[in-house]
Amino acid sequence: MSHYGQEKYEESQLYKIRHSAAHIMAQAVVEMFPEAKYTIGPPVENGFYYDFDLPRNLTPEDLEKIEKRMRQIIAGKHDFIKKIMSAGEARVIFKDQPYKLELIDGLEKGGSDEYGNPLREKPEISIYQHDAFVDLCRGPHVDNTGRIRPDAIKLMNVAGAYWRGDEHNKMLQRIYGTAWESAQELKDHLWQLEEAKKRDHRKLGKELEIFIFDDEVGPGLPLWLPNGGVMIEEIEKLAKEMEEKAGYLRVRTPNLSKEDLFIHSGHLPYYAESMYPPMELEGVKYYVKPMNCPMHHKIFGSKPRSYRDLPIRLAEYGTCYRYEKSGELFGLMRVRSLQMNDAHMYCSEEQFEEEFMSVIELYYKYFKLFGIEKYVMRFSLHAKEGLGKKYVDNERLWLKTEDMVRRAMTNGNVPFVEAVDEAAFYGPKIDVQIWSVIGKEFSLATNQVDFAQPARFDLKFINKQGTEEVPLCIHRAPLSTHERLVGFLIEHYAGNFPVWLAPEQVRLVPVTDPQNDYAHQIVAALRDHGIRASADISAQRMNAKIRSAQLMKIPYMLVVGENELKAGSVSLRARDGSQQNNINLGDFIARVNDRIALRSSEL
RNA sequence: GCCCACGUAGCUCAGUUGGCAGAGCACACCCUUGGUAAGGGUGAGGUCAUGGGUUCAAAUCCCAUCGUGGGCUCCA
């Protein structure tokens, strides 16, 4: 949800409109399929959905009919009427609705609300009726269906969804809809979706020749084209600069190891399903590594460490492989081969807060560099029920490290939200959600406390008192993976990368063929100054050359014709369309190098 | 992994009730030497994702597999 501060979404008119639209949609669906079993239908960001168990699959034509019927129901101006009742009364009303009966059981026991979310207090059971449709519902709703603008709703798509979000349960059909207070808002929303599509990293990634996927190579295994290769080099350069300044040490580790390592680390039992299966040679099993940490732990443990050496920060752009389930793959955002901006920081408890905050500071530097203005730090905690299952079974250390993180964040004035039952198996973590300039949410950076693995690997250092102590470990990846970061940057910048990141920085455009040699000389001069440039000597007219450079979103075009050749100058056309004719090449080089050195977003 | 949709030239797509596989862009060659977002012509380019099936005949209908997408689940 992007509703922070101001009015709470749950109390807004928009929420009521969407919630009510969900009921109206359910009425239309139930009318169409009298044998339909309906389940739940809450408002969500930008709209609402409702899940149904239907006798057949819905088609796009069905959606049109349902939408049409919804408009009729809206026009009927039916009042929403609330009735509070006992579980027994509710059971009579919903006697043919097994999902509702299950929800009533939950409400009666007091364990969960009508959406299955855990509740502290036992809720009252209520129904809402409008027209001939009755739903088990807590509300709130608009007072009558006429409050919804018929031209401000739209059904979007049908998707599968498990009953109660549990993959062991039945797959239901979910209809997503969007609803707004006015037709203009709906229009704006649809426009924004169109804009987002134009920026989609899968589309732009292909057009700008950044990466491809190939069926024969395999799903989730991107091939980085030369342009993508440049971007990755630049990102690594950036990360290494930042990390060197911050005292990180670079290490390199192999892409596979014996099974023993991952048994030792504790990863195998938790993640065997999402690791590539082992290969066996001479009776020994080897796994391709899904993460770098165990290898880094080995490096830390390779010699005795003193408190004077701490903190030790081991960094590596390690390539990892994870067998993400087929349906989870998504462009560059979710892949099976990934290269992480990884590092493990080993420190004493006293050093923890400072180390932890240094990672947050790093985030802020990157946010500033990339112009990220909206972000939320999600502080993921363990859940007591998961101890010994999802989480390492040591409640004392969970509470202790969670408290350390909370204190560090609070002392550092870092705003955060807490998310229970979302921690890593070895400790609490901070995940950073960021929003691109067009308001699309991405989960990129992460830093995680690890109190479990150092002990498992028997890592220690000699403290001031001369006794052995187990260090804490912080896993951190401020730039996420190359895959995810590049995907984000493509959408964030819509392919209009800042000069330092642009795969090709300057395109020479000779006006006619006699200037081809001159263009090549300038390319050579630019390359001498570390600027990525090429000359377009194709048999096209100048206008077409400019067009193709614009389409590739190259920051600078240098037009050279007879005039420039005679004067020994260049004419600049920037990506934004601005022009400066007959400028000195040296001045241009100085300008470009300045932008690059500062990683400026200016042209 | 699950539900649904989709897969035609390098790219973007058309292809009627089953009847000889199409366009634009890109590419090659030729003409054009043009001053800030597409000059003109010619040509080459296809196992219609893959494998089966139905049919006189399949891009088209059916089944399976692979891949992609919208979601669900999951993300060390």
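Throughout, a chain's letter reflects where its sequence line sits, starting with A, and its residues are numbered from 1.
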Please pick, from B:rG35, B:rG70, B:rG34, the nucleotide with the shortest atom-to-atom distance to any side-chain atom of A:A159.
B:rG70
Picking from B:rC72, B:rU12, B:rU36, which would you name as closest to the side chain of A:K206?
B:rU12
Picking from B:rU33, B:rC72, B:rC74, the nucleotide nearest the side-chain atoms of A:E328 would be B:rC74
Taking B:rA76, B:rU73, B:rA37 as options, the one with an atom nearest any side-chain atom of A:E167 is B:rU73
Are side-chain heavy atoms of A:P219 and A:R336 found at a separation under 4.5 Å?
yes
Base, sugar-phosphate, or nothing for A:S571, non-hydrogen atoms under 4.0 angstrom?
base
Indicate, with a heavy-atom threshold strictly under 4.0 Å, whether A:Q515 touches base, sugar-phosphate, or nothing.
nothing
Given RNA chain B, 5'-ward residue of the pair A:D200 and A:N543, judged by closest heavy atom
A:N543
For A:N582 and A:S569, does a side-chain donor sit closer than 3.5 Å to a side-chain acceptor?
yes
When rounded to the nearest Å, what value does the distance between C1' atoms of B:rA26 and B:rG43 take?
14 Å
Side chain of A:R322 only, please: which of B:rA76, B:rU36, B:rC74 is the nearest?
B:rA76
At less than 4.0 Å, is any side-chain N or O atom of A:R547 found next to OP1 or OP2 of B:rG39? Yes or no.
no
What nucleotide, of B:rA76, B:rG39, B:rA37, holds the atom closest to the side chain of A:L551?
B:rA37
OP1 or OP2 of B:rC72 less than 4.0 angstrom from a side-chain nitrogen or oxygen of A:Y176, does that happen here?
yes
When both hydrogen-bonding distances must be under 3.5 Å and the geometry is Watson-Crick or G-U wobble, what is B:rA76 paired with, if anything?
none
Pair partner, B:rG19 [Watson-Crick or wobble, under 3.5 Å]:
B:rC56
Is there a side-chain contact between A:T512 and the phosphate of B:rG34, meaning an N or O under 4.0 Å from OP1 or OP2?
no
B:rU68 pairs with which nucleotide, Watson-Crick or G-U wobble, both distances below 3.5 Å?
B:rA5
Donor on one side chain, acceptor on other, A:E562 and A:T512, under 3.5 Å:
no
Does B:rG34 have OP1 or OP2 under 4.0 Å away from a side-chain N or O of A:K545?
no
Distance check, C1' atoms only: B:rA23 and B:rG46, in whole angstrom units.
14 Å
Looking across every strand, which nucleic acid part, if any, lies under 4.0 Å from A:F330 by heavy atom: base, sugar-phosphate, or nothing?
sugar-phosphate
Looking at the base of B:rG34, is there any donor atom on it, or on the side chain of A:E562, that sits under 3.5 Å from an acceptor on the other one?
no
Mind checking if A:S548 touches a base, just sugar-phosphate, or nothing, with heavy atoms under 4.0 Å?
nothing
Pairwise P distance, B:rG41 and B:rG52 [rounded to whole Å]
43 Å
Mind checking A:K289 for me? I need base, sugar-phosphate or nothing, with any heavy atom below 4.0 Å counting as a touch.
nothing
Relative to each other, are the rings of A:H267 and A:Y271 parallel, tilted or perpendicular (30° and 60° limits)?
tilted
Sticking with atom P, work out how far B:rG19 lies from B:rU33, rounded to a whole angstrom.
48 Å
Under a 3.5 Å cutoff, is there a donor and acceptor pairing between the side chains of A:H297 and A:Y346?
yes
Inter-nucleotide P distance (B:rA38, B:rA21), Å rounded
37 Å
So which nucleotide from B:rC74, B:rA76, B:rA37 ends up closest to the side chain of A:I546?
B:rA37
Would you indicate what A:R334 reaches in the nucleic acid, counting non-hydrogen atoms under 4.0 angstrom: base, sugar-phosphate, or nothing?
base
Among B:rG70, B:rC2, B:rU36, which nucleotide has an atom closest to any side-chain atom of A:Y162?
B:rC2
Both distances below 3.5 Å, Watson-Crick or wobble geometry, any strand: find the nucleotide opposite B:rG45.
none
Per the side-chain hydrogen bond (donor to acceptor under 3.5 Å, both in side chains) rule, which among A:R164, A:R174, A:K37 passes with A:D51?
A:R174
Report yes or no: do A:Q580 and A:S578 form a side-chain donor-acceptor pair below 3.5 Å?
no
Pick the closest RNA chain B nucleotide for A:Q580 and for A:S326 by heavy atoms, then say which residue is nearer the 5' end.
A:S326
Can you tell me the base-pairing partner of B:rG51? Count Watson-Crick or G-U wobble geometry only, both distances below 3.5 Å, and say none if there is no partner.
B:rC63
Between B:rG39, B:rA76, B:rG70, which nucleotide gets closest to the side-chain atoms of A:A424?
B:rA76
For a quick check under 3.5 Å, do A:T253 and A:K298 share a side-chain donor-acceptor pair by atom type?
no
Any side-chain N or O of A:R541 less than 4.0 Å from the OP1 or OP2 oxygen of B:rG39?
yes
Looking at A:N57, I'd like to know whether one of its side-chain N or O atoms comes within less than 4.0 Å of OP1 or OP2 on B:rC4.
yes
Indicate, with a heavy-atom threshold strictly under 4.0 Å, whether A:F425 touches base, sugar-phosphate, or nothing.
nothing
Interatomic spacing from SG in A:C473 to CZ in A:R313 - rounded to 0.5 Å:
12.5 Å
Determine the contact category for A:G165: base if any of its heavy atoms lies under 4.0 Å from a base atom, sugar-phosphate if only primed atoms, P, OP1 or OP2 are that close, otherwise nothing.
sugar-phosphate
Between B:rU73, B:rG70, B:rA37, which nucleotide has the shortest distance from any of its atoms to the side chain of A:N157?
B:rG70
Determine the Euclidean distance between corresponding P atoms of B:rC6 and B:rA14; express it in Å to zero decimal places.
12 Å
How is A:D166 classified with respect to the nucleic acid when contacts are heavy atoms under 4.0 Å: base, sugar-phosphate, or nothing?
nothing
What nucleic acid atoms does A:G331 come within less than 4.0 Å of, heavy atoms only: base, sugar-phosphate, or nothing?
sugar-phosphate
Watson-Crick or G-U wobble partner of B:rG24, both distances under 3.5 Å
B:rC11
Quote, to the nearest angstrom, the C1' distance that separates B:rC27 from B:rA49.
24 Å
Considering only the P atoms, how many Å lie between B:rG67 and B:rU54, rounded to the nearest integer?
28 Å
Please state whether the base of B:rA37 and the side chain of A:R575 form at least one donor-acceptor pair under 3.5 Å?
no
